[in-house]
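Order of the sequence lines sets the chain letters (A, B, ...), proteins ahead of strands, with each chain counted from 1.
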2 protein chains.
Amino acid sequence: MTLDDLKHAQRERLIFLDRCLTWRGMANRRDLIERFGISTAQAALDFRVYLGLARSTPPIYDPVRKTYIAATEHEPLAPSGLTEAFDILASGDESMPSAALPRPERKADRRTIALLHQAIRSGKAVHVRYTSISSGADDEQWIAPTRFTSDGESVHVRAHSFKHGEYRNYLPIRIDPDSSFEEKLLAEPLPEDVDWNTRAIIWLRPKSGLSDRQASVVRSEFGFEGEFLRVETRKALEFFFNRRWGLDTKGARLERAKTEYEPIAPAWPNDN
Amino acid sequence: MTLDDLKHAQRERLIFLDRCLTWRGMANRRDLIERFGISTAQAALDFRVYLGLARSTPPIYDPVRKTYIAATEHEPLAPSGLTEAFDILASGDESMPSAALPRPERKADRRTIALLHQAIRSGKAVHVRYTSISSGADDEQWIAPTRFTSDGESVHVRAHSFKHGEYRNYLPIRIDPDSSFEEKLLAEPLPEDVDWNTRAIIWLRPKSGLSDRQASVVRSEFGFEGEFLRVETRKALEFFFNRRWGLDTKGARLERAKTEYEPIAPAWPNDN
DNA sequence: AAATGTCCATCTAGAAATTATACGATCAAA
DNA sequence: TTTGATCGTATAATTTCTAGATGGACATTT
């Protein structure tokens, strides 16, 4: 009996329960009831199922505090990071402005996204007008989009540019919504997207200049013990790495030690 | 009849469906079946309910492409940003490494978080040893945690520090897991957290030095038309704003024009 | 032209999940 | 002592969902 044997709805509830126990260290039926709008009876059933699943380290009901308390050696059924669990910790505080710092909201045109998505699916090239902020010029060209990617801040489209004869990352927002969006079947298969199919292994270390003590704080903060922290991504996304990890900013506490590349076996043959 | 009249499970499914139509521009029963593990019959029912809800701009079934196509004037039932919808667009590509740039994973000690959470709930002060990276010193003190916050990268605890006589943001990861965590009931109510209860309204504009054309790209990219973009947060979180929005980095395309403050009516009386 | 496959839809019976309701127990606080 | 908040249980009724069968439209393959 595992989580996977359950129906989607109940699995969701048990994962939520699991996170409450993991991060709050406690949970009530009430938590389930408020979150999922189920009855007390169902919530009680969910608890019993959970207890059955958490064989090794089951939570214990504390009649004094009237809640279930996670075992000290509690082992989460479904691992989660603190960031993902933030809403569980912040909940109850519905006030505006929120407890989370707002992020830049990058707008995008629904229709453009859908067109790109369909071009990706059907393997077509589309004609777009793209504004490059560096050159500042509106630029008509055919591109063959292959997938969406994310640098954590905004969503990009990875596409082969016939004009430049290479794969590039495009920001959908800079595609003119009034582009023709004319479609064209690909005459010949696209070249391999080498940068996409190259793994970039980036080794980070505490920024030089930090004291030993500071360096050890940095290490524990990013969860590594040895000399280096190893992070893996694709070469095609490496350009965004420094910004994402704040390596270029003044207060940076990590720096790159070295970077290695190795080819990735394509998931499917001929997957660009 | 609205989304809210539905049960949680079905609502989730319809929201997913809505996002497929919004961002992919198309949807199948198969999408629901794969995502939620339901039967074809149930997926068909969900579609019918969705069509009932999307009265004004219902999607249309295209028998040639064998999918539902979103109306050109499609109005999402549940608004969503592109970033949230990224997983819907990237799905199907399960390969590692993923299509998303990895983010720094900030580890945290389960037990510490749970202790803080319980101290917040019960309004107690706790004794902790905290490592300040600036001073580099381990620092024993009593703090009275009031809430969790997030700067988008890591989770903080907002707490009143008795040692410093003010509210501060603490990184749970820097709290020594071997602190005593001795608890103490608050002798007297905490002072008001003024910075928390102050709204910071930040007005941004395209970075000076950009050409008119570039500035207009920036405007459309961040979704504002006038001179300024208005962002609202709490003064207590303002310290993190520039980093979150990349205002300090070399390639920054926005800059702060002005900042206004105004008091927020506390959600609950005496809510610190 | 016919067969096959893949979507869509619908129907019905039955299984499973969930609710409504009632009842009982423990403990803390008023 | 009473009240209220938890917890738990049990049963019957209701709702939700599935299984399996049937049919239609269309594209592709034979």
Whole angstrom is fine here: how far is it from [atom1] in [X] over to [atom2] in [N]?
{"X": "R11(A)", "N": "dT18(C)", "atom1": "CZ", "atom2": "P", "result": "13 Å"}
{"X": "L51(B)", "N": "dT10(C)", "atom1": "CG", "atom2": "P", "result": "10 Å"}
{"X": "D46(B)", "N": "dT10(C)", "atom1": "CG", "atom2": "P", "result": "13 Å"}
{"X": "F47(B)", "N": "dC17(D)", "atom1": "CZ", "atom2": "P", "result": "15 Å"}
{"X": "Y61(A)", "N": "dC7(D)", "atom1": "OH", "atom2": "P", "result": "5 Å"}
{"X": "I33(B)", "N": "dT18(D)", "atom1": "CD1", "atom2": "C1'", "result": "12 Å"}
{"X": "L32(A)", "N": "dA17(C)", "atom1": "CG", "atom2": "C1'", "result": "15 Å"}
{"X": "H8(B)", "N": "dT16(D)", "atom1": "NE2", "atom2": "C1'", "result": "15 Å"}

Among [options], the nucleotide that comes nearest once only the side chain of [X] is considered:
{"X": "A44(B)", "options": "dC8(C), dT10(C), dT6(D)", "result": "dT10(C)"}
{"X": "A41(A)", "options": "dC8(C), dT10(C), dT19(C)", "result": "dT19(C)"}
{"X": "K7(A)", "options": "dT19(C), dA16(C), dC7(C)", "result": "dA16(C)"}
{"X": "Q42(A)", "options": "dC26(D), dA9(C), dT19(C)", "result": "dT19(C)"}
{"X": "A9(A)", "options": "dT6(D), dT19(C), dT18(C)", "result": "dT18(C)"}
{"X": "K66(A)", "options": "dA5(D), dC7(D), dG5(C)", "result": "dA5(D)"}

Check: [Y] main-chain N/O paired with [X] side-chain donor or acceptor under 3.5 Å:
{"X": "T67(A)", "Y": "N28(A)", "result": "no"}
{"X": "Y130(B)", "Y": "L171(B)", "result": "yes"}
{"X": "R147(B)", "Y": "R158(B)", "result": "no"}

Are any of [X]'s side-chain N or O atoms less than 4.0 Å away from OP1 or OP2 of [N]?
{"X": "R65(B)", "N": "dC26(D)", "result": "no"}
{"X": "N28(A)", "N": "dT6(D)", "result": "no"}
{"X": "R48(B)", "N": "dT10(C)", "result": "yes"}
{"X": "R13(A)", "N": "dA17(C)", "result": "no"}
{"X": "R30(A)", "N": "dA5(D)", "result": "no"}

Checklist entry - Are H74(A) and T22(A) close enough that a side-chain donor and a side-chain acceptor fall under 3.5 Å? => result yes

Item to check | W196(A)-T149(A) side chain donor-acceptor pair, cut-off 3.5 Å | outcome: no

Checklist entry - Do R35(A) and D87(A) pass the salt bridge (Lys or Arg N to Asp or Glu O under 4.0 Å) test, and can you show the C-alpha distance, the side-chain angles, and the key distance before you say yes or no? => result CA-CA 12 Å; R35(A) 176 86 161 214; D87(A) 62 319; 3.4 Å; yes

Item to check | 5' precedence on DNA chain C between A43(A) and T67(B) (nearest-nucleotide basis) | outcome: T67(B)

Item to check | Along DNA chain C (nearest heavy atom to each residue), the more 5'-positioned of T40(B) and V64(A) | outcome: T40(B)

